[in-house]
Amino acid sequence: MIPKRSYLLNATYEWIADNEMTPYLLVNAEYEGAVVPLEFVKDGQIVLNISMSAVRHLHIDKAGVSFEARFSGKPMQVFVPMAAAEAIYAKENGDGLAFPPEDFDDVAPEPEPTPPAPPKKGFTLKVVK
């Protein structure tokens with residue numbers, strides 16, 4: 001089965017934003033493929049403010065969370081693999097979700113889209129009045 005973390009993260013993000021709070025993402029910064037500002041990593045983790053006022057071009061999908069942000073005035077493209085996302089919560093009250101371990105190795109690749117079938121010869125549409 002497809003891991004559910006991306007679905008839960010996205011839904012919790014929306015819930016936090018709808019309640020006009022600030023979504024924070026707890027990340028395992030040592031996870032392979034994580035691109036985060038290393039100068040802010042403590043004990044192998046980093047907490048990222050992913051509110052719309054703090055980031056640009058936020059994108060959450062099955063692969064991970066990506067966005068542009070500034071850290072100490074320097075722009076950076078951040079990428080958090082979905083398996084590296086450990087929790088999402090509201091800054092103001094700490095309410096949110098911590099994610100249980102999931103197996104991300106068995107994720108089947110998304111199927112290739114099939115091209116549309118060519119139109120059948122001799123078949124036409126016409127306006128009927």
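- Residues meeting the side chain to side chain contact (heavy atoms under 4.5 Å, CB included) test with Ala63, sequence neighbours left out: Asp61.
- Residue pairs meeting the side-chain hydrogen bond (donor to acceptor under 3.5 Å, both in side chains) criterion with at least one member in residues 46-56, sequence neighbours excluded, are Asn49-Ser51, Ser51-Ser53.
- Residues that satisfy the side chain to side chain contact (heavy atoms under 4.5 Å, CB included) test with Tyr7, not counting sequence neighbours, are Ile2, Lys62.
- In this structure, OH on Tyr13 lies 5.0 Å from CG on Leu58, to the nearest 0.5 angstrom.
- Between Pro3 and Met82, the closest side-chain pair of non-hydrogen atoms is not below 4.5 Å.
- Applying the salt bridge (charged side-chain N to carboxylate O under 4.0 Å, His left out) test to every pair with at least one member in residues 2-15, sequence neighbours left out, gives these pairs: Arg5-Glu102.
- Annotation: side chain of Val78 is in contact with side chain of Phe71 (closest heavy-atom distance under 4.5 Å).
- Taking CZ from Phe99 and CG from Leu26, the interatomic distance works out to 10.0 Å, rounded to the nearest 0.5 Å.
- Among residues two or more places apart in sequence or in another chain, the side chain to side chain contact (heavy atoms under 4.5 Å, CB included) test is passed with Phe79 by Val35, Ser66, Pro81.
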Between side-chain atoms of residues 84-93 and protein atoms elsewhere (two or more places apart, or another chain), which donor-acceptor pairs fall under 3.5 Å?
residue : atom : partner : partner atom : Å
Glu86   : OE1  : Gln45   : NE2          : 2.5
Glu92   : OE1  : Thr22   : N            : 2.9
Glu92   : OE2  : Thr22   : N            : 3.3
Glu92   : OE2  : Thr22   : OG1          : 2.8
Asn93   : OD1  : Asp95   : N            : 2.9

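- Using a 4.5 Å cut-off on side-chain heavy atoms (C-beta onward), Tyr24 and Ile16 make no contact.
- The side-chain heavy atoms of Val47 and Leu25, taken from C-beta on, include no pair separated by under 4.5 Å.
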